[in-house]
Amino acid sequence: MAGCLWIDMETRSRCDLPSKGIYNYAQDASTDVLCMSYAFDDDEVSTWTPDQPFPDRVKNHAGQIRAHNAAFERLIFWYVLQCNFRLEQFYCTATQARANCLPGSLEDVGRALSSNMRKDHRGSQLIRLLSVPRADGTFNSDPKLLEEMVAYCEQDVRAMRAISKAMRELSDEELADYHVNERINDRGVLLDRPLADAAVRYASVELEEIESLVHDLTKGEIQSVRSPRMKRWVMERVGPQALKMMETYKDGEKKYSIDKSVRANLLAFAEENPDEIPAHVADVIQCADDLWASSVAKFSRLSELSDEEDHRVRGAFVFAGGSATGRASSYGAQVHNFTRKCAADPDAVRNAMVRGHAIVPRFGKRVTDVLRGMLRPALIPAEGKQFVVADWSAIEARVTPWASADPQAEAVLNVFREGKDIYIREAAGIYRIPEEQIGPESDERQIGKVAVLSLGFAGGVGAFSAMGRNYGIFMPESDAKRIVDAWRRANPWAVRYWQKLEEAYTRALRNPGREFPVGRVTYYYDGQHLWYSLPSGRILCYPFAKFEGDEITYVKAAWKPAADAKEWPRARLWRGLACENITQAIANDLLRHSLRECAREGLEVVLHCHDEIVLQSNSDAVESSISKLKQIMCTPPKWAVGLPLKIGVKGMSRYGK
């Protein structure tokens, strides 16, 4: 029995890790190991430094290797220490923490698990002193600091081991899915570097002009639309209807926002309502939209992360990054946040950009509009290959009724099984008219679409109105309430499902050690964490759940505590959130299953995003790849029998929609 090797490394390099990413960092010629602390099983921690012979027991280890954010240690082993361990030997304890719905960083998971919330800054101080080069390019080699670094590294191994043993182990399937994700990270995706570099050049000129315009429009009151004063400045100058459009609700509390969707709604509203939003205010909002467009930063980030030799961007996906559901998140490249908008003729835009030609107004009203449309097309297949892009159709609208296991929900599932339009079906239920009377371009169908997208997770008037504005639907609150009530009357299965979820997790919390099934999930409270098992067999939890008055709260891994916080921030569990978490977690299980099957079939996955999978296929095998992917994604796993699945799929010469 080979046992388990626990390991942590401290390194130094002239390559900037935060900007260049771990793949470029590990392969940089200046990267060296300062110390490697390790322990076998429950043995004492030992440390190797480069002035010593490398330990044979480590080099020849054939068992599991555990590290926190294990991709780093894996790549340092491969590229710096020349130890060719198999990828499947690595077990990431950060992934283990996220799979248990806890924070991913070693310090944060320790703080979340402990009553001691003090943040220790010494580790980051030592890294700045020893791992980052000085202004002249040399490194600090102070023996006392190195001795302190070794002690810190050894303590990290002890902490990692203790924390890992205190948590639920990753299941064999979770670990296999982690390895599939790492294979995709290692493969990477090709960046059109000339396009990305051109985009950065165009954007830099535009940003200077925007900042100057904002200063002039606000008469110097706002120096930058990134200022927190921006929202207040707009609120003080718009009419009551526009102000209402800025309302948002979080846990039932009304707040005001000027985020991306609000800005889009205000700009659309301003065109027909200049009395509500004066022209100069609309111009400032437009400037904010342009400046806050993340595409500019994304192009720069993609260019930094791409490999100098082959221009591939690697390490984009954080497995189980969404701690509440287990969904993957993005690191660096942030592909999960890419806008869906794409240029109509990306090749023409690309040619103009790399040659430095004018791109407005030929390809858009503003430079930022054009750049947004080129973000996805900046990712391209390798020479002689094409992308195959597939996404599930209305996946959440299918999973929610299936997860409820309510007999009446079968009527909704049958709409999908028969290939009918779910939005027309919902509109017919809302207005109590035959489906034949609702056209594919009608206002009623649009209302049905908004209802499906906003109300399935116990959303109310606020959720419906906010989603409606995204689709150009504006109506008085009283009318919106009638729509919400009508949708709930037409879908009594959904209301029952939310109620049963609340009853089940509340009863579980009051009866530790007992299981409470509801629909296709089961809740269980172990006296500390509120667990729920999914149809796939995967389990998730609400950590440290407890009653606070009439509410149930839990530790929210995604929230960061304030500097002076005494405990980790807590969130409220309510029926809508429970429903949403279940649906998204099941959808993620479908994605994990499909990625696993793609790996078995030898298909080259280069990207994935919640409901989407992107393959790289030989150009002469695109149709075969489409056929294989369609079979994989439309065939439910054994645990999802009865769930109707459908995809849209096509071959592409550039990533798009």
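All values below were derived from every heavy atom in this structure, side-chain atoms included, with hydrogens, water molecules and symmetry-related copies excluded.
For P103 against A557, the heavy-atom pair with the smallest separation is N-CB, 3.6 Å. Scanning all heavy atoms of the two residues, the minimum distance from N69 to R98 falls at OD1-NH1, 4.2 Å. For the pair Q96 and S164, the tightest heavy-atom approach, listed with the atom from each and the gap, is OE1-OG, 2.6 Å. Closest heavy-atom contact between S13 and C15: OG-N, 2.9 Å. V80 and D32 make their closest contact through CG1-CA, 4.4 Å (heavy atoms, listed as atom of the first residue, atom of the second, distance).
R12 contributes no side-chain N or O that, together with a main-chain N or O of P133, makes up a donor-acceptor pair within less than 3.5 Å. The backbone N or O of Y256 sits less than 3.5 Å from a side-chain atom of K231, completing a donor-acceptor pair. Between the side chain of N100 and the backbone N or O of R168 there is at least one donor-acceptor pair closer than 3.5 Å. In this structure, the side chain of W498 engages the main chain of G456 through a donor-acceptor pair within 3.5 Å. In terms of modelled atom types and a separation under 3.5 Å, the side chain of D8 and the main chain of A67 share no donor-acceptor contact. Within the 3.5 Å criterion, the main-chain N or O of F317 finds a donor-acceptor partner in the side chain of N181. Of the possible polar contacts, one joining the R134 side chain to the F139 backbone as a donor-acceptor pair under 3.5 Å is found. W559 places no side-chain N or O within donor-acceptor distance of the main-chain N or O of R570, the cut-off being under 3.5 Å. Between the side chain of T31 and the backbone N or O of Y25, at least one donor-acceptor pair lies under 3.5 Å. Not one N or O on the side chain of S303 forms a donor-acceptor pair closer than 3.5 Å with the backbone of F299.
In terms of the side chain to side chain donor-acceptor pair (under 3.5 Å) criterion, S141 has no residue partners (sequence neighbours excluded). Residues satisfying the side chain to side chain donor-acceptor pair (under 3.5 Å) test with H61, not counting sequence neighbours, are none. Legend: residues meeting salt bridge (Lys or Arg N to Asp or Glu O under 4.0 Å) with E169, ordered by chain and number and at least two apart, are R66. Applying the side chain to side chain donor-acceptor pair (under 3.5 Å) test to E182 and every residue at least two apart in sequence or in another chain returns R74, N185. Legend: residues meeting side chain to side chain contact (heavy atoms under 4.5 Å, CB included) with D43, ordered by chain and number and at least two apart, are F40, R57. Every residue two or more places apart in sequence or in another chain that forms a side chain to side chain contact (heavy atoms under 4.5 Å, CB included) with A587 is listed here: I395. Annotation: side chain to side chain donor-acceptor pair (under 3.5 Å) contacts of S329 (sequence neighbours excluded): none.
Residue K165 qualifies as enclosed at atom NZ: its count of foreign heavy atoms under 6.0 Å is above 12. Counting heavy-atom neighbours within 6.0 Å of E147 CD, excluding the residue itself, gives a total of 12 or less. For N60, the CG atom sits in a packed shell: over 12 heavy atoms of surrounding residues, nucleotides or ligands are nearer than 6.0 Å. Heavy atoms of other residues, nucleotides or ligands lying less than 6.0 angstrom from CD of Q52 number more than 12. Counted within 6.0 Å of CG on D550, heavy atoms from surrounding residues, nucleotides or ligands total 12 or fewer; the atom is thus considered open.
Between Y523 and Y505, the ring-plane angle classifies as perpendicular under the 30° and 60° cut-offs. Ring pair F77/F90 is tilted by interplanar angle, where 30° to 60° counts as tilted.
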I'd like a table of donor-acceptor pairs (distance under 3.5 Å, sequence neighbours excluded) in which one partner is a side-chain atom from residues 528-535, with atom names and distances.
unit_1: H529; atom_1: ND1; unit_2: F544; atom_2: N; d: 3.0
unit_1: W531; atom_1: NE1; unit_2: D526; atom_2: OD2; d: 3.0
unit_1: Y532; atom_1: OH; unit_2: A324; atom_2: O; d: 3.4

Distance-only donor-acceptor pairs under 3.5 Å for side chains of residues 506-515, two or more places apart:
unit_1: T506; atom_1: OG1; unit_2: E502; atom_2: O; d: 2.7
unit_1: N511; atom_1: ND2; unit_2: R507; atom_2: O; d: 2.8

- request: Please test R592 against E173 for salt bridge (Lys or Arg N to Asp or Glu O under 4.0 Å), starting from the C-alpha separation and ending with a verdict.
  value: CA-CA 10 Å; R592 291 186 183 194; E173 195 165 86; over 6 Å; no
query: Between E154 and R158, does a salt bridge (Lys or Arg N to Asp or Glu O under 4.0 Å) hold up when you go through it step by step?
result: CA-CA 7 Å; E154 290 182 348; R158 295 186 190 97; 3.8 Å; yes
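Atom CG of residue N24 and atom CD of residue Q27 lie 6.5 Å apart, to the nearest 0.5 angstrom. Atom SG of C92 sits about 10.0 Å away from atom CG of L175, to the nearest 0.5 Å.
Residue pairs meeting the salt bridge (charged side-chain N to carboxylate O under 4.0 Å, His left out) criterion with at least one partner in residues 312-335, sequence neighbours excluded, are D307-R314, D310-R314. Among pairs with a residue in residues 77-94, those fulfilling side-chain hydrogen bond (donor to acceptor under 3.5 Å, both in side chains) read H68-T93, E88-R183, at least two apart in sequence or across chains. Within the structure, salt bridge (charged side-chain N to carboxylate O under 4.0 Å, His left out) contacts touching residues 578-590 (residues at least two apart or in different chains) are R538-D589.
At a cut-off of 3.5 Å, with distance as the only test, no side-chain donor of S19 or E304 sits close to an acceptor on the other residue.
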